There are 2 protein chains.
Amino acid sequence: MFGCLVAGRLVQAAPQQVAEDKFVFDLPDYENINHVVVFMLGTLPFPEGMGGSVYFCYPDQSGMAVWQLLGFVTNEKPSAIFKISGLKSGKGSQHPFGAMNLPQTPTVAQIGISVELLESLAQQTPVASAAVSSVDSFTEFTQKMLDNFYNFASSFAVTQAQMTPNPSEAFIPANVVLKW
Amino acid sequence: MFGCLVAGRLVQAAPQQVAEDKFVFDLPDYENINHVVVFMLGTLPFPEGMGGSVYFCYPDQSGMAVWQLLGFVTNEKPSAIFKISGLKSGKGSQHPFGAMNLPQTPTVAQIGISVELLESLAQQTPVASAAVSSVDSFTEFTQKMLDNFYNFASSFAVTQAQMTPNPSEAFIPANVVLKW
């Protein structure tokens with residue numbers, strides 16, 4: 001029913017079914033993974049009114065499984081790309097794999113898919129940093145970074161009257177930074 | 001041999017084989033596509049010493065096919081994510097699909113895969129904006145952007161001796177920009 005693809009590696013199309021409605025893919029060497037694609041194979045749709053929540057699970061320093069909600073796949077949106085680099089220091093979230101006690105290996109993470117009611121999915125909030133940026137959100141991100149930079153640089157701004165005499169120090173007019 | 005997945009849509013695993021060594025996937029409604037995943041199915045590897053160059057093809061305003069090299073898949077790196085939003089205003093590049101005259105429909109683009117010698121692939125340069133940023137390349141990209149910014153801002157840098165008197169204009173010490 002599901003496939004999983006780590007960018008740069010071979011596709012996986014045979015998850016481990018750990019419960020009637022739960023599927024798990026192993027991600028070996030997960031610390032070298034940036035993006036993961038989760039998709040429906042197209043062989044079998046979700047039952048009507050149902051979809052899948054997609055979780056990333058990795059072992060914390062003590063070997064305990066930390067689960068984070070990446071997002072969803074549904075019959076209407078049967079595939080998604082998630083960015084998992086950057087998630088490894090985040091906190092875990094509520095998840096439906098609690099009782100399963102998947103064996104944790106230090107270098108192996110998991111993608112877990114839980115088949116649930118669409119109404120239930122609609123009440124869950126994925127970690128924001130897992131969304132692969134579209135053009136718009138990338139532009140927004142860049143803009144925010146530059147805004148932060150301007151705020152940062154401006155905090156050092158001085159007028160000529162405030163300058164301590166030092167003829168060799170170079171200064172950049174603040175409006176140049178702003179216009180850029 | 002190949003699969004193709006548009007983020008958010010169903011996977012395609014049956015390209016049109018337009019020549020012995022050339023495969024094409026149709027991408028309907030391509031103007032609403034951000035990311036495309038191209039991957040080997042794992043059923044059949046490339047012959048030794050060979051790999052695939054991956055092209056994006058879209059119709060320009062006069063309906064002519066414009067081809068752009070996105071990147072490569074090989075036995076060692078059997079999948080890749082490409083960003084195709086943003087490519088639609090770029091120029092075409094040299095490509096090996098020239099004689100095929102694929103029928104162009106205004107809203108349908110193509111992914112073309114050409115099986116070639118690895119040595120030949122090594123001499124081809126994909127369009128930079130198609131690479132989905134890994135952590136490293138994103139950091140590099142950001143660093144380059146900031147380097148560009150520093151070079152840009154520095155070109156406006158003045159020392160106090162060069163300043164025209166204007167006590168209200170704010171200046172940012174250049175080393176603040178550099179340190180950031």
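On a predicted model such as this, the values are computed, not experimentally measured, just so you know. Computed from heavy atoms alone, side chains included, the values below leave out hydrogens, waters and symmetry copies. Here is how names work: the chains are called A, B, and so on, in the same order as the sequence lines, proteins then strands, and each is numbered from 1.
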Exercise. Considering only heavy atoms, which portion of A/Val73 lies under 4.5 Å from any heavy atom of chain B: side chain, backbone, both, or neither?
Worked result: neither
For this session: Before giving the answer on side chain to side chain contact (heavy atoms under 4.5 Å, CB included), spell out for A/Gln12 and A/Leu27 the whole-Å C-alpha distance, their side-chain angles and the decisive distance to 0.1 Å.
Result: CA-CA 10 Å; A/Gln12 302 181 53; A/Leu27 304 183; 4.2 Å; yes
Exercise. Which of parallel (below 30°), tilted (30 to 60°) and perpendicular (above 60°) describes A/Phe2 and A/Phe46?
Worked result: tilted
For this session: Using a heavy-atom cutoff of under 4.5 Å, enumerate the residues of residues 113-122 of chain A that contact chain B, numbered in order, or state 'none'.
Result: none
For this session: May I ask you to check whether B/Phe97 and B/Trp67 place their ring centers less than 6.0 Å from one another?
Result: yes
Problem set entry | Residues that A/Asn32 engages under side chain to side chain donor-acceptor pair (under 3.5 Å), provided they are two or more places apart | A/Asp29
Problem set entry | Considering all heavy atoms, the nearest B/Phe56-B/Ile84 contact | CE1-CD1, 3.5 Å
Problem set entry | Side chain proximity check, B/Leu5 to A/Val37, heavy atoms < 4.5 angstrom | yes
